Structures are given as structure tokens and as C-alpha cells.
Amino acid sequence: MIKKIKGTNDIVENTYIWEWVEDKFKEVAKRFGFSEIRTPIFEATELFNRGVGKETDIVQKEMYTFEDKGGRSITLRPEGTAPVMRAFVEHSLASKGLPQKFFYLGPMFRYERPQAGRLRQFHQYGIELIGSSLPVADAYTILVAVEILKAVGLENFKLKINSTGCQKCRAGYKKALKEYYRPLLNNLCDDCKRRYDRNVLRLLDCKRDAEYAKSAPNILDYLCDDCKAHFNELKSLLDTLNIEYEVDPSIVRGLDYYTRTVFEIKYPSLGAQDAIIGGGRYDNLIEELGGAPTPSVGFAVGMERIMLALTSEGKLPSPRGVDLYVVTVGDEQRADALKISRELSKYMRVDIDLMGRKLKAQFSNASRENARYVLVIGEEEVKSGLYTLKRMSDRTQMKLSIDEVVMEIKGKRRLESFEQENTTFGS
RNA sequence: GUGGUUGUAGCUCAAUUGGUAGAGCGUCGGACUGUGGAUCCGGAUGUUGCGGGUUCGAUCCCCGCCAGCCACCCCA
């Protein structure tokens, strides 16, 4: 048997839940003035080297990179921001006026050891607010993130924010960090020893050496006046919105493009993979990709993790069945049933027996599919043009013309000519 | 990539110191000849994850691989 590739997933019985979540997300984003952007699933490798950063784990060890037949180095997108920014630059979208607000939704690829909530092909939903450096843009972005979680019914999440400063103040902070860690170097784990030279900031979120991080210098003490003012205003805007947050100086995030604001939303009961939303500000990214300097903010939501959170909270929607299941008494009515199904499918969701089952089995099938009504077609019905319609919830039956069937099911009005039988079968 | 753990029917799980598989649920059919979720009865389905090894004999022991899960790394 050929099986799915490690770290991938078939979404088969839960597609309706995915649709529901995706619809909520799209709806919220649109309500806040964002419109959808769709970029390719693969890009030139160089985009991520430059955009995400050569020293990040994503680029170092997690990318699905291959050479195509033309000898180009191609990479399956590991995240959504760099491609959106590439498209922004490529289509000169700045000329359409700023800000530009986009949302995206789709599969991302990272070569990692799979776990619950961590797949090699996973799905992210994200938004990008391009063009504004004001703290109100950060607040707006965080607001949308929170609204999205609320829209799907999630409440037990925690927002953590931090500022990583700009290039100016970060330089001073990095220096202070190095000084702090230098005497401790021998006690650090191997990874941290490596990080010391490559990216000192990363030392802060190491779980093994978390003790040292506690008393390390705090980035917030090193922010320049502009960055400090930016961060303070963001906090006061969040306060105004009554959005609860915790300032956590250990949040540095693994992508190199972040400047100033970074934030994470965690859902603590998920275990090790508890980050359901991650985002922040990237004021240098577009310039890095060859565009004019354009500040941006955004975030990404992990769809699989949202699903896990919804499941653990029991907030899953129930599947919607068909409105009407068409049933035939004998084989002779099959053609009529087909014609009637075609007609009624113009007005409602319809299903029909395709297995040649007996009447009883057809009814079982209708209930299993949560059909609201069953339309019985037998000899009498075909002859009279009045069909037996059964409302499954209370087993009420009535004899109706096709027009009347539509009106009953669509619930528009009740006709005088309805001939209620009120018969109940079975039980 | 590192460490640990698990892998039996579609699903959840059984199988006494190694003697070559069973239950519940589901599915299909019947009791019910034009009526569903209940009840009763009956049928079907497994190369016990894959490949080797030890053994007279392996679901059980050993090795390798694959996959899931947990933690690390890191992140959504």
C-alpha cells in the first residue's frame, strides 16, 4: 500500500471544520479591510535566504529545496511573509497607495521531525499590513489576531509581546548580551555556544539554559527613544482596546526580519507546540528584497494548532447534512427520482440513493447523513404528482407537489392545500 | 537532526512463561411486503506496520527500516 509521506496529512472527515475555520478567518480579515493574495507555493530559494535570513533554523535545516529541470534552485515556501513582500515589490503595489492589506491561506513546508501540531506540510493563515510604521498598525494587527481567535470560539489564549528594537538599539543590546554570556560560555549547551556568535538573541529562548536568560540584560532597557515610544504607544493602544497582554522580553522569534514589535499568542494546553499565532513588525524586509523602504506588520496562524485547540475545548461545529434525501420504493422510479433531484438541487442540498438499496436501507442512509427531509417516490406519487415528504425531526409526513416541497423545506410559507397526514411509522 | 516510546480488522482494544488471532463499535444483510437513529439475529474483512534473524513453531524474542506519539532543537 502506498502511504502518505511522513509529516503530511489527509483531511478527509474534518473538511467541514476546516471550511468553517477558514470562512471565519476570511470573514474577519475582510471586515478589517484586508483582501486575499495568492502567491505560488514554490519560490526561488534566494527569496527565503534573503527574506527569512540565512542564519535562521528555517533556512539552515528546514527548507524543502530542490533543483528544477532548468537548473534553478527552488524552495517550497516555509512561510508566507517573504512571498507576499516579493509580490508587493514585483507588482509595484506601493504605487496603488499605502497601506496595502493582505491575507493569505495555504500550505507551508518545513522539513522537521513531525509531532502533534507540527507537520512537514502544514497550513498557515496570515495577514500583512504593509506601509505603516505607526504603533496603531501594530495594534490593528494584534486586534485582528485576537478577533480571529474569538470568531472561532477560542478564549484560553495568552498574548505575549516584546520589542526587539531597531538595528540601532539592537546593536547595543547584542553587545551587552555578549558581555553577559561571555563568562558563562563554558556552561552553555552546544547549540547556545554556536548561537553566541551567530545570533546572540537566540540564547534568550533556549529552554535548557533558561536560568541564565532570567538574569540576562533586558532588551527593553536598551531601546532607543523612538523604539521605546513606539512600544509604549502600542501598549497603551492595547490597553484602550482592553486586550490583555504580557510583556515578555524573552520573545525574540526565529526569523531574522523582525524589528521592534514581536508577539506570540499561546494556547498553553497544547503542550510543546503551543504557539498558535506568531507575528511582529518587519520594517526592513521589503528593502531587503529590493523595494523602497516600506515598514510592515503581520502575523501567521497555525491552522493545525487551531484545530487542536478547538478539539480540546470542544468547540467544533457539527456537520451539516443535506436538506433532502430522495428515496424510491422500487427500481421503476429511479429515473423519476433522478429528474426530481436535478430540479430540487436548484433550491437545496439534495442526495439520492445510488446503491440500489431497499427502501428501509435508503431511510437509514438518509438519517445517517442527517438529512432534514426524505422525499418518497413510489408508484402512487409518480401517478398523482403528489410526493410523500417526511420531516425527519418529528416524523411528520405530507403529500406535496414539487413546488410545495420547495416551499416547505425553504420554510417560506405554508400553503392551504397541504395535506397533513401526521402518520408516524416504525418505533 | 538527537533521545524516548508505540504500531494487532475501518475505529478502540484483547490474546495465559513464544503454540500461527478475538471482542465491542462501525459496515452489509435479515426479522420489517412503501419508512430512519432503538432491539434481536446473521455475514464479511487481518500477509498482527514492512523486511530479515533465532526457533520445530514468532503478534510475543533479536536486528534493520517505515510511521505515529512525547521531549529536545525550533516554531505555526
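Here the structure is a predicted model, which means the values were calculated and not measured. Throughout, a chain's letter reflects where its sequence line sits, starting with A, and its residues are numbered from 1.
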Q.
If you compare every side-chain N and O of A:Arg368 against the phosphate oxygens of B:rC28 (OP1, OP2), does one of them come in below 4.0 Å?
A. yes
**Q.** C1' atoms of B:rC61 and B:rA23, separation to the nearest Å
**A.** 27 Å
Q.
Tell me the interatomic distance from A:Leu119, atom CG, to B:rC70, atom P, rounded to whole angstroms.
A. 11 Å
Q.
Looking only at the aromatic ring of each residue, does the gap between the centers of A:Tyr267 and A:Phe157 stay below 6.0 angstrom?
A. no
Q) How far, in whole Å, is B:rG22 from B:rG43 if one measures between their P atoms? A) 14 Å
Q) Can you find a side chain N or O atom of A:Lys360 that sits less than 4.0 Å from OP1 or OP2 on B:rC32? A) no
Q. In whole Å, what is the span from the CD atom of A:Gln115 to the P atom of B:rC72?
A. 8 Å
Q) In whole angstroms, how far is the C1' atom of B:rA38 from the CE atom of A:Met392? A) 14 Å
Q. What's the verdict on side chain to side chain contact (heavy atoms under 4.5 Å, CB included) for A:Tyr245 and A:Val247, showing C-alpha distance, side-chain angles and the deciding distance?
A. CA-CA 7 Å; A:Tyr245 60 87; A:Val247 175; 4.0 Å; yes
Q.
I'd like the P distance from B:rU55 over to B:rU12, given in whole Å.
A. 37 Å
Q: Describe the nucleic acid contact of A:Lys61 in one word from base, sugar-phosphate, nothing, applying a heavy-atom distance below 4.0 Å.
A: base
**Q.** Integer angstrom distance from the C1' of B:rG64 to that of B:rG7
**A.** 16 Å
Q | Straight-line distance of A:Ile377 CD1 to A:Asp336 CG, nearest 0.5 Å | A | 6.5 Å
Q: Using a cut-off of 6.0 Å, state whether more than 12 heavy atoms not belonging to A:Lys315 lie near its atom NZ.
A: yes
(Q) Check for me whether the distance between the ring centres of A:Tyr373 and A:Tyr325 falls short of 6.0 Å. (A) no
Q) For the pair made of CD in A:Glu13 and P in B:rC11, what is the distance, rounded to whole Å? A) 11 Å
Q) Looking across every strand, which nucleic acid part, if any, lies under 4.0 Å from A:Glu381 by heavy atom: base, sugar-phosphate, or nothing? A) base
**Q.** Aromatic A:Tyr111 / basic A:Arg120 pairing, under 6.0 angstrom, 45° off normal
**A.** yes
**Q.** Same-atom distance (P) from B:rA71 to B:rG57, integer angstrom
**A.** 43 Å
**Q.** Heavy-atom closest pair, residues A:Val28 and A:Ala151
**A.** CG2-CB, 3.7 Å
Q) Does any residue of residues 139-165 of chain A have a heavy atom under 4.0 Å from RNA chain B, and if so, which ones, in number order? A) none
(Q) At 4.0 Å (heavy atoms only), tell me whether A:Gln362 reaches a base, stays on the sugar-phosphate, or touches nothing. (A) nothing
Q. Whole-Å distance between B:rC73 P and A:Gln273 CD?
A. 11 Å
(Q) Distance criterion of 3.5 Å, no angle test: do you see the side chain of A:Arg395 paired donor-to-acceptor with the base of B:rG37? (A) yes
Q: Would you indicate, yes or no, if B:rC28 has its OP1 or OP2 atom less than 4.0 angstrom from a side-chain nitrogen or oxygen of A:Arg357?
A: yes
Q: Mind calculating the distance between CZ (A:Arg120) and C1' (B:rA76) to the nearest angstrom?
A: 16 Å
**Q.** B:rU47 to B:rA21 separation - P atoms, rounded to the nearest Å
**A.** 14 Å
Q: Report the distance from atom OH of A:Tyr125 to atom P of B:rA76, rounded to the nearest whole Å.
A: 16 Å
Q) With a 3.5 Å cut-off and just heavy-atom distances, do the side chain of A:Ser364 and the base of B:rG36 make a donor-acceptor pair? A) no
Q) Expressed as a whole number of Å, how far does the P atom of B:rG68 sit from that of B:rU27? A) 29 Å
